[in-house]
2 protein chains.
Amino acid sequence: MLSAKTQYAIHALTFLGERFGKGPIPINQIAEHRQIPYKFLEAILLELRKSGVLGSKAGKNGGYYLLRPPEEVLVVDVIRQMEGPISLLPCVSKKFYESCRVCPHAEPGCIVREFFRQVRDATLHAMEGRYLSELLDPHAVKDRLHGQRGGKMSYFSSTRRLLRSIAELRDRKRHSGRKIAI
Amino acid sequence: MLSAKTQYAIHALTFLGERFGKGPIPINQIAEHRQIPYKFLEAILLELRKSGVLGSKAGKNGGYYLLRPPEEVLVVDVIRQMEGPISLLPCVSKKFYESCRVCPHAEPGCIVREFFRQVRDATLHAMEGRYLSELLDPHAVKDRLHGQRGGKMSYFSSTRRLLRSIAELRDRKRHSGRKIAI
DNA sequence: ATATAACCTATCGATTTAGTAGGGTTTAAT
DNA sequence: ATTAAACCCTACTAAATCGATAGGTTATAT
């Protein structure tokens with residue numbers, strides 16, 4: 001299970017994603033809308049800023065904002081950043097590899113290890129190429145587009161266009177043959 | 001990541017699986033072969049017995065043993081027993097469902113929830129229908145068969161037969177349409 | 001200057017983790 | 001009956017993690 005911290009982080013990021021391009025959003029706004037304890041959220045956002053996901057601006061009209069558009073923020077990266085390894089065993093993790101406590105030399109033939117490698121492959125496959133943009137509330141995103149484009153576009157044309165661009169981006173990434181470590 | 005307890009449990013069960021049919025195996029034998037602290041392992045085996053996976057026999061020549069053959073022990077059941085939910089969010093778990101802290105009413109349209117439901121489906125699909133028998137060291141299983149059948153069978157015929165029966169069992173279960181909850 | 005808002009350090013109680021210690025009970029081979 | 005071997009149970013502990021909270025510092029728009 002994901003810790004409360006990670007869950008809060010994801011929901012905070014969706015809030016910021018839905019308001020991408022609208023300038024810095026203050027912590028209390030996020031905290032109120034998403035029901036997250038202010039001080040806890042403060043620490044989470046600070047961590048996300050230090051890990052390069054968010055930018056911040058101090059002082060009046062300050063707050064936090066995504067450094068890149070939600071279409072380019074990998075959900076799996078956020079989870080790894082906050083939670084650590086996706087793998088169920090340390091010895092099948094690439095990003096957080098540690099030797100197993102039962103077979104410290106990680107024998108290549110370890111059959112338990114092989115099983116959990118398959119599990120992590122399945123989990124990772126479901127996560128890879130999935131972006132923050134896919135977790136946003138379409139209604140909020142609509143507002144965001146209206147805000148940027150002056151509200152000239154219809155709901156249907158704007159969201160259809162957005163969804164198409166997301167699908168294209170995701171498809172490109174999925175078939176790029178890029179190895180994604182776990 | 002799985003806790004040390006769960007990892008130890010799995011390895012202890014493989015040890016017992018490889019010796020299934022040979023009567024009770026004492027704790028210290030498992031502890032020594034699998035490098036698990038004796039007292040910690042004792043607690044783990046006790047828990048596995050209470051949850052119906054293992055049987056035990058006290059006294060001289062006593063020990064622990066699998067109540068059913070390894071071909072019938074689901075790995076995912078062991079993980080759930082020791083570790084809890086497989087899901088990454090409480091609100092997508094069937095066996096351990098709890099409401100999400102961000103949306104307490106678990107709105108059916110929650111897009112974050114949908115994402116993590118897909119992830120848990122993928123993880124579960126990799127686990128479902130996988131049995132303890134698939135995690136056993138073939139060499140140890142060979143010995144077990146030799147022990148039971150008096151060593152008359154050749155290595156190849158015995159293991160081939162075993163592997164075929166495992167594959168058949170797994171295939172039956174995989175296509176039985178049985179819903180496996182998470 | 002003032003209000004606002006991020007930044008930083010430190011702490012804190014509760015829970016979980018990964019064990020350890022020691023003794024009591026039951027079984028069974030002799 | 002003795003006694004060794006193993007199960008069973010309670011309690012404890014040191015460390016880490018979790019889920020926050022407190023309070024002061026720095027930056028910035030007005």
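Proteins come first, then strands; the chains are lettered A, B, ... in the order of their sequence lines, and each starts at number 1. Keep in mind the model is a prediction, meaning the values are calculated, not measured.
- Here Ser56(A) does not reach the OP1 or OP2 of dA5(C): none of its side-chain N or O atoms lies under 4.0 Å away.
- The side chain of Asn61(A) places no N or O atom within less than 4.0 Å of a non-bridging phosphate oxygen (OP1 or OP2) of dT28(D).
- When each of Asn28(A) and Lys50(A) is assigned the nucleotide of DNA chain C with its nearest heavy atom, Asn28(A) is the one assigned upstream, toward the 5' end.
- Here the straight-line distance linking atom CZ of Arg117(B) with atom CZ of Arg113(B) works out to 6.0 Å at 0.5 Å rounding.
- His33(A) and Phe15(A) have tilted rings, their planes meeting at an angle from 30° to 60° on a 0 to 90° scale.
- In this structure, the OH atom of Tyr64(B) is 18 Å from the P atom of dA5(D), given to the nearest Å.
- No side-chain donor-acceptor contact under 3.5 Å links Arg19(A) and Gln29(A).
- Here Leu45(B) lies out of heavy-atom contact (under 4.0 Å) with every strand.
- Side-chain N/O atoms of Glu83(B) and Ser3(B) include a donor and acceptor closer than 3.5 Å.
- Note: NZ (Lys57(A)) to P (dT28(D)) measures 8 Å, nearest angstrom.
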Strictly under 3.5 Å: I want the nitrogen or oxygen pairs between protein and nucleotides 20-27 of chain D, one per line.
residue: dA20(D); atom: OP2; partner: Tyr8(A); partner atom: OH; Å: 3.1
residue: dG23(D); atom: O6; partner: Lys39(A); partner atom: NZ; Å: 2.1

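- The CE atom of Met82(A) sits 12 Å away from the C1' atom of dG19(D) (whole-angstrom rounding).
- Taking atom CG of residue Leu54(B) and atom C1' of nucleotide dC7(D), one finds them 13 Å apart after rounding to whole Å.
- Screening residues 43-65 of chain A for side-chain hydrogen bond (donor to acceptor under 3.5 Å, both in side chains), with sequence neighbours left out, gives Lys5(A)-Glu47(A).
- Rounded to an integer number of Å, the gap from Met1(A) CE to dC18(D) P is 13 Å.
- Leu46(B) places its CG atom 14 Å from the C1' atom of dT26(C), with the value rounded to the nearest Å.
- Partners of Leu135(B) by side chain to side chain contact (heavy atoms under 4.5 Å, CB included), not counting sequence neighbours, listed by chain and number: Val112(A), Phe115(A), Ile10(B), Thr14(B), Val75(B).
- One atom, CD of Glu47(B), and another, P of dA18(C), lie 13 Å apart when rounded to the nearest Å.
- The distance from atom CG of Leu48(B) to atom C1' of dC8(D) is 15 Å, rounded to the nearest whole Å.
- A distance of 9.5 Å separates CZ of Phe96(A) from CE of Met1(B), quoted to the nearest 0.5 Å.
- The side chain of Arg49(B) contributes no N or O atom lying less than 4.0 Å from OP1 or OP2 of dA6(D).
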